[in-house]
Structure formats: structure tokens, C-alpha cells
Amino acid sequence: PVSQVIVAHKTPDGEVAYFSTIMRDLTERKRAEQVLKESQIRLELHNSISTGVTNGLPVDQIIDIVIRQLGSSFPSLCAIYCTADDQGLATVAYALDREGLPRLKGLEMDLGAASVWLQALRRHEPIMVEDLSQEAPLLPVATALAARGIHALLAAPVHHENLLAGLLCFSTSHARAWTQHEVVTLTSTAESLALAIKNARAEQERQRVEEQLRHDALHDTLTGLPNRTLFMDRLGHALARMKRRPDYLYAVLFLDLDRF
């Protein structure tokens with residue numbers, strides 16, 4: 001692309017004598033603008049994930065936000081998130097379905113039948129398939145995807161504790177080459193999601209430990225029954241309620257168990 005400026009040169013009498021043209025190549029400027037736009041898309045995705053983590057949103061909600069944002073930034077592509085188990089079974093959990101194509105949610109892919117893909121994903125490498133019909137060694141998986149209208153696939157692994165936990169994907173209903181922008185955006189977003197999952201599970205473990213400590217402080221470790229501390233706490237509540245409400249009644253039952 002170029003910009004062009006035409007300058008009219010006039011005589012002292014005001015008549016146009018000749019024209020001159022100034023042309024400027026805008027290729028580098030346009031390229032710089034495109035790079036800035038692509039960086040902005042990635043920054044907004046990472047900010048959405050960071051904000052979700054900071055606000056304590058569940059991982060499921062963060063993933064849903066990311067899928068919708070990817071769909072908005074890449075309207076010609078279908079954004080997908082799959083969970084993955086230890087055996088390599090991937091299941092579509094989130095997808096922005098496109099009009100006229102089968103629903104993708106619930107689709108299962110046995111990556112064990114596509115060992116090349118599974119090994120690459122476990123090595124933290126993305127999968128880039130421009131035309132699934134050309135992937136003869138991956139026939140079972142390719143057939144399952146083609147049945148749902150997927151003919152090109154870009155998948156970035158999401159890891160947790162060095163294990164494959166999920167896949168963040170782009171797909172299309174026709175064969176196509178994947179751009180560097182699409183690959184970089186998907187892989188970097190998958191890495192941010194992995195951190196979000198790590199933080200969320202760490203928070204879940206912290207809450208579980210805190211709950212267990214509260215339970216242990218108020219219950220007998222051998223029988224699991226409420227202990228003296230919990231009894232005195234509940235008795236204190238009963239006495240306080242009686243003071244506020246004279247008609248409130250309560251009773252304390254004492255049991256003496258021999259050979260317990």
C-alpha cells in the first residue's frame with residue numbers, strides 16, 4: 001500500500017503550470033499496525049484470565065470467557081476447549097458452535113489412536129493440521145472430527161503439574177493454513193489458562209485444608225463426633241439466646257458410657 005500526495009504548481013498569474021507527486025510506501029507502517037493489533041488481542045486475553053483469577057472466578061467460568069473472547073477476535077474460526085484424561089481421551093467441554101454445523105460439545109477424541117498428536121501435546125507442542133483428509137495415519141480421530149464438520153485443526157496443550165489437562169483449539173469447516181498470529185495467540189493463551197488452573201486448584205486445596213482444620217478442632221479425631229469445644233460453643237449460643245428470649249427453652253443431656 002502507498003499514500004500519494006499531488007501538488008499543483010502555479011505561475012505568478014495563478015495558472016497551474018505543472019503537477020508533482022509525492023508517494024510513500026506504507027508497507028512497514030501497515031505491518032507495524034497489524035503487529036500492534038495482534039499484540040493487543042493477546043494482551044486482552046491474558047488480562048481476562050488474570051482478572052478472573054484475581055477475582056476468584058471458577059476455572060470453568062474463566063475458560064468460558066476465554067472461548068467467547070477468542071470467538072470474537074477470530075470470527076471465522078471455531079474456538080474450542082477440551083478436557084483430557086490420563087489415557088488421552090479428550091472431550092469438548094466448551095465450543096462456540098457455528099450456524100449450519102453440528103454441535104461440538106460432548107465430542108470425544110481418542111488421542112491414544114493418534115499417538116503422534118498425543119506425544120506432541122505431552123511435549124508441550126501444538127498440533128497444526130491444515131487438512132484432516134490428508135492425515136491417513138490418524139484416520140479414527142480425523143473421521144470423528146470430519147463428521148462434526150471439522151477439516152482443519154489447531155490445538156495447543158494445557159498442562160497441570162506436567163500432565164496434559166486440556167486442549168485449547170481453533171477449527172474450521174474447510175482446509176486452511178494456520179497463521180503465526182493464530183498459533184502464537186492460541187499457545188500463549190493456553191499457557192495462561194494452565195497458570196489459572198494451577199492457581200485455582202491451589203486455592204481449592206487451601207480451602208480444603210482450612211475446612212479440615214476447622215472440623216478437626218471441633219470433632220474427636222477417633223470417632224468424628226463433636227468434642228467438648230463444640231459442645232461449649234453450642235451451649236454458649238443457647239445461653240445467649242435464652243437471655244434474649246425468656247421463653248426459649250433448652251436442655252443438656254449427660255450420658256455416661258462404660259467401657260467405651
Side-chain angles (χ1 to χ4, degrees), residues 1-55 57 61-81 94-104 125-134 145 148-158 167-196:
V2 296
S3 65
Q4 184 178 24
V5 177
I6 300 176
V7 181
H9 299 269
K10 298 182 179 181
T11 65
D13 297 332
E15 297 182 356
V16 177
Y18 62 93
F19 294 93
S20 64
T21 301
I22 301 174
M23 302 185 69
R24 180 178 301 170
D25 186 355
L26 299 179
T27 302
E28 289 302 320
R29 174 182 165 185
K30 291 295 183 181
R31 183 178 294 116
E33 290 177 352
Q34 183 63 26
V35 170
L36 180 61
K37 180 180 178 181
E38 293 172 356
S39 298
Q40 185 66 25
I41 289 174
R42 291 193 286 272
L43 180 60
E44 289 174 356
L45 283 162
H46 298 321
N47 283 343
S48 294
I49 295 173
S50 298
T51 301
V53 172
T54 302
N55 293 338
L57 295 182
Q61 192 171 341
I62 295 175
I63 293 174
D64 184 65
I65 292 172
V66 168
I67 292 297
R68 294 182 184 280
Q69 200 165 333
L70 284 171
S72 175
S73 300
F74 298 88
S76 64
L77 305 177
C78 181
I80 304 168
Y81 181 81
Y94 301 87
L96 286 181
D97 297 315
R98 298 302 183 187
E99 185 176 355
L101 295 175
R103 287 177 57 84
L104 296 176
E125 298 173 4
I127 296 172
M128 292 175 283
V129 183
E130 298 179 0
D131 187 354
L132 281 168
S133 65
Q134 303 299 317
L145 293 174
R148 296 294 186 101
I150 297 176
H151 296 280
L153 181 69
L154 173 62
V158 177
L167 306 174
L168 188 61
C169 309
F170 279 147
S171 72
T172 65
S173 58
H174 56 275
R176 76 186 298 275
W178 297 103
T179 67
Q180 182 182 10
H181 170 45
E182 292 161 351
V183 175
V184 172
T185 299
L186 203 66
T187 52
S188 62
T189 304
E191 291 171 358
S192 294
L193 271 181
L195 290 174

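The shown structure was predicted, so the numbers you read here are calculated from the model rather than taken from an experiment. What's counted below: heavy atoms across the whole structure, side chains too, no hydrogens, waters or symmetry copies.
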On a heavy-atom basis, which atom in [X] and which in [Y] lie closest, and how many Å separate them?
X	Y	value
Glu182	Ala177	OE1-O, 4.4 Å
Ala152	Arg176	CB-N, 4.0 Å
Leu186	Leu168	CD2-O, 3.3 Å
Ile62	Val53	CD1-N, 3.8 Å
Leu167	Cys169	CB-SG, 3.8 Å
Thr11	Ala17	CG2-CB, 3.8 Å

Just how far is it from atom [atom1] of [X] to atom [atom2] of [Y], taken to the nearest 0.5 Å?
X	Y	atom1	atom2	answer
Ser171	Leu77	OG	CG	8.0 Å
Gln40	Asn47	CD	CG	8.5 Å
Ser73	Lys37	OG	NZ	9.0 Å
Ser133	Leu145	OG	CG	12.5 Å

Legend entry - Working for side chain to side chain contact (heavy atoms under 4.5 Å, CB included), residues Leu70 and Thr185: CA-CA 9 Å; Leu70 284 171; Thr185 299; 4.3 Å; yes
Inset, instruction - Decide side chain to side chain contact (heavy atoms under 4.5 Å, CB included) for Ile41 and His181; before the verdict, give the C-alpha distance in whole Å, the side-chain angles of both, and the deciding distance to 0.1 Å. - result: CA-CA 10 Å; Ile41 289 174; His181 170 45; 3.9 Å; yes
With side chains defined as the heavy atoms from C-beta onward, is the minimum distance between [X] and [Y] less than 4.5 Å?
X	Y	answer
Ser39	Arg42	yes
Ile49	Thr189	yes
Ile67	Ile80	no

Legend entry - Check: His46/Ser50 side-chain N/O donor and acceptor closer than 3.5 Å: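 No donor-acceptor contact under 3.5 Å links the two side chains.
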Legend entry - Verdict with supporting geometry, Leu45 and Ser192, side chain to side chain contact (heavy atoms under 4.5 Å, CB included): CA-CA 9 Å; Leu45 283 162; Ser192 294; over 6 Å; no
Inset, instruction - On the 0 to 90° scale, with breaks at 30° and 60°, tag the Phe74-Phe170 ring pair as parallel, tilted or perpendicular. - result: tilted
Legend entry - Check: Glu15 main-chain N/O paired with Asp13 side-chain donor or acceptor under 3.5 Å: no
Inset, instruction - Determine, stepwise, if the pair Leu57 / Ile65 fulfils side chain to side chain contact (heavy atoms under 4.5 Å, CB included). - result: CA-CA 11 Å; Leu57 295 182; Ile65 292 172; 4.0 Å; yes
